[in-house]
Amino acid sequence: MKEQEEFMREAIRLSIEKMRAGFGGPFGAVIVRNGEIIARGFNNVLASNDPTAHAEVDAIRKACQALGTFQLTDCDLYTSCEPCPMCLGAIYWARPRKVYYGNTKSDAARIGFDDYFIYEELDKPLANRQIPMVQLLHEEALAGFKAWEQHENKNAY
C-alpha cells in the first residue's frame, strides 16, 4: 500500500502545484505501469481554454502517446478526486486495471465543482435536456457506420 500512497501523493501534489500556477482547478492524476509513473496530468482548463482538459483526460492522452496505444489495460490511474462523468467515460474507454482517487465528488461539489446536474441530464429524454439534442440526417449518417462495418482493416476498440 505504501507504493500506492506515493503515487496518490504525486497526483495530489500536481493538483495543488498546477492550480496555484493558474492552469485550472485543483485536480491531478498519474498513470502507473509496472510500478513506474508513465504520465502525469493536471487540470489545464483555464490555461488552454479547453473544457475537456481535465487531469484524468490529460494523463490518459499522455500515457497513450508514451506507450503508443489507445488502451491502458496494464496500467493504474491515480487521481486526486473521484472522476467527473466526462473523465469516467474516458477512463472506461482507456480501460485501466484500477482507479485510485482521493477526494469524492461530494468534496468537489462543496468547492464549486458540482457535476450532479450532468448525472440528472443523462436520465432525461433527449429533447428535455438543458442543451436539447436534435437528430438530423440519420439515414445519411448511417453511411459512415456502414462503411465501418465493411472496412477490411478496422481495428475494433
Side-chain angles (χ1 to χ4, degrees), residues 1-123 129-131 133 141 144-145 147-149 151-157:
M1 199 50 123
K2 183 83 168 149
E3 188 176 63
Q4 284 104 351
E5 290 175 358
E6 290 305 312
F7 295 137
M8 181 58 74
R9 284 188 181 100
E10 177 62 6
I12 294 167
R13 183 193 69 75
L14 283 167
S15 75
I16 297 167
E17 175 187 307
K18 299 303 183 178
M19 178 269 305
R20 285 184 175 154
F23 286 92
F27 304 96
V30 298
I31 295 181
V32 175
R33 181 180 182 210
N34 299 326
E36 179 184 341
I37 295 175
I38 58 165
R40 289 170 171 81
F42 53 91
N43 185 291
N44 196 22
V45 169
L46 298 178
S48 66
N49 290 317
D50 179 354
T52 69
H54 289 198
E56 297 91 337
V57 172
D58 186 39
I60 288 168
R61 288 174 178 160
K62 290 173 180 173
C64 288
Q65 195 73 20
L67 296 175
T69 184
F70 56 85
Q71 292 185 337
L72 303 172
T73 54
D74 58 350
C75 299
D76 296 322
L77 186 143
Y78 294 79
T79 178
S80 63
C81 186
E82 183 179 359
C84 75
M86 177 187 69
C87 292
L88 190 59
I91 289 165
Y92 272 94
W93 284 118
R95 295 178 175 89
R97 283 185 306 212
K98 190 178 283 190
V99 174
Y100 298 90
Y101 65 93
N103 294 311
T104 67
K105 60 185 175 186
S106 296
D107 296 328
R110 277 194 291 278
I111 64 164
F113 294 94
D114 190 355
D115 300 321
Y116 185 71
F117 77 96
I118 296 173
Y119 293 106
E120 288 181 324
E121 286 288 295
L122 292 172
D123 286 336
R129 293 182 179 172
Q130 288 181 28
I131 300 174
M133 304 286 163
F145 283 7
W148 171 257
E149 287 178 318
H151 187 55
E152 292 178 16
N153 298 318
K154 66 182 164 194
N155 187 358
Y157 57 94

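- Judged purely by atom type and a 3.5 angstrom limit, D58 uses its side chain to pair as donor or acceptor with the backbone of F42.
- Between the S80 side chain and the G28 main chain, a donor and an acceptor come within less than 3.5 Å of each other.
- Panel note: side chain K18, backbone N44; no donor-acceptor pair is recorded below 3.5 Å.
- In plain terms, the two heavy atoms of R40 and E10 that are nearest each other are NE-OE2, 2.8 Å.
- Scanning both residues, N49 and P51, for their nearest heavy atoms gives O-CD, 3.9 Å.
- Side-chain atoms of R129 come within 3.5 Å of backbone atoms of E121 as a donor-acceptor pair (strictly under, hydrogens ignored).
- N103 CG to R110 CZ: the interatomic distance, rounded to the nearest 0.5 Å, is 9.0 Å.
- Taking 4.0 Å as the cut-off between side-chain N and carboxylate O, D74 and R33 count as a salt-bridged pair.
- Of all non-hydrogen atoms in M8 and Y78, the two that sit nearest each other are N-CD2, 3.8 Å.
- Heavy atoms only, all atoms of each residue included: C75 and L67 are closest at SG-CD1, 4.0 Å.
- Here the shortest heavy-atom pairing between P83 and I91 reads CG-CD1, 3.6 Å.
- Across all non-hydrogen atoms, the minimal contact from I111 to P26 is CD1-CG, 4.1 Å.
- Ring orientation note: the planes of W148 and H151 are close to parallel, at an angle under 30° on the 30°/60° scale.
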